[in-house]
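Inspection log for the structure reproduced underneath, given as structure tokens.
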Amino acid sequence: MLQSAGPLIVAVWSLVLFGVRLTLAQTAGIALSLTGVLVILLHGDLTALTGIEFNKGDIIFIVALTIFGLYSVLSLKRPEIHGLSFVGFTFGCGAVCLVPLWIWELFAPPGDAA
């Protein structure tokens with residue numbers, strides 16, 4: 001359900017970083033997608049919106065979605081290098097970013113993992 005917010009997050013990053021505004025069709029598509037998700041999530045009852053709670057996994061996913069939206073927008077301005085070189089560099093940066101979490105996971109007592 002949260003994944004449907006992806007296009008909206010990309011649109012916000014595009015506006016913030018590059019001033020790119022959505023077309024009317026894009027805005028309508030995002031609104032339709034989010035409306036559909038809300039109808040499914042709330043079972044058509046808008047009062048259920050007050051009872052929505054986010055757990056730790058939801059927050060982690062939202063952060064990941066925000067980072068992926070940023071990556072998607074910034075990849076439009078990537079340097080002129082071979083596609084495989086860019087993918088290799090991106091994977092390498094991702095692996096380096098995971099090292100501190102991996103070390104924490106190694107030394108965290110059982111049950112303290114996220």
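Positions are given from 1, in the same order as the sequence printed here.
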Task: Test log, rule side chain to side chain contact (heavy atoms under 4.5 Å, CB included), inputs Leu15 and Val12 - done: CA-CA 5 Å; Leu15 177 64; Val12 169; 5.8 Å; no
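- Val10 and Val20 fall within a single hydrophobic cluster, where Ile, Leu, Val, Met, Phe, Trp and Tyr are joined by side-chain heavy atoms under 4.5 Å apart, directly or via other members.
- Here the straight-line distance linking atom CG of Leu65 with atom CD1 of Ile62 works out to 8.0 Å at 0.5 Å rounding.
- Between Leu70 and Leu17 the shortest side-chain heavy-atom distance falls below 4.5 Å.
- Annotation: side chain of Thr90 is not in contact with side chain of Val87 (no heavy-atom distance under 4.5 Å).
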Side-chain polar contacts of residues 28-49 - donor-acceptor pairs under 3.5 angstrom, sequence neighbours left out - could you list them?
from, atom 1, to, atom 2, distance (Å)
Thr35, OG1, Ala31, O, 2.7
Asp45, OD1, Thr47, N, 3.2
Asp45, OD1, Thr47, OG1, 2.6
Asp45, OD2, Thr47, OG1, 2.9

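- Stacking of Lys56 on the aromatic ring of Phe61 is not recorded, the 6.0 Å distance cut-off and the 45° axial limit not both being met.
- Minimum heavy-atom separation, Ile9 to Gly69: CG2-CA, 4.3 Å.
- For the residue pair Gln26 and Arg21, the shortest heavy atom distance occurs at OE1-O, 4.4 Å.
- When hydrophobic residues (I, L, V, M, F, W, Y) are linked wherever their side-chain heavy atoms come within less than 4.5 Å, the members clustered with Ile103 are Val99, Trp102, Leu106, Phe107.
- Taking CD of Glu80 as the start and OG of Ser85 as the end, the distance is 12.5 Å to the nearest 0.5 Å.
- You'll find the side chain of Leu74 stays beyond 4.5 Å of the side chain of Trp13, heavy atoms only.
- Remark: Ser72 OG to Ile67 CD1 distance equals 12.0 Å, nearest 0.5 Å.
- Through chains of ILVMFWY side-chain contacts below 4.5 Å, Phe86 is grouped with Phe68, Tyr71, Ile81.
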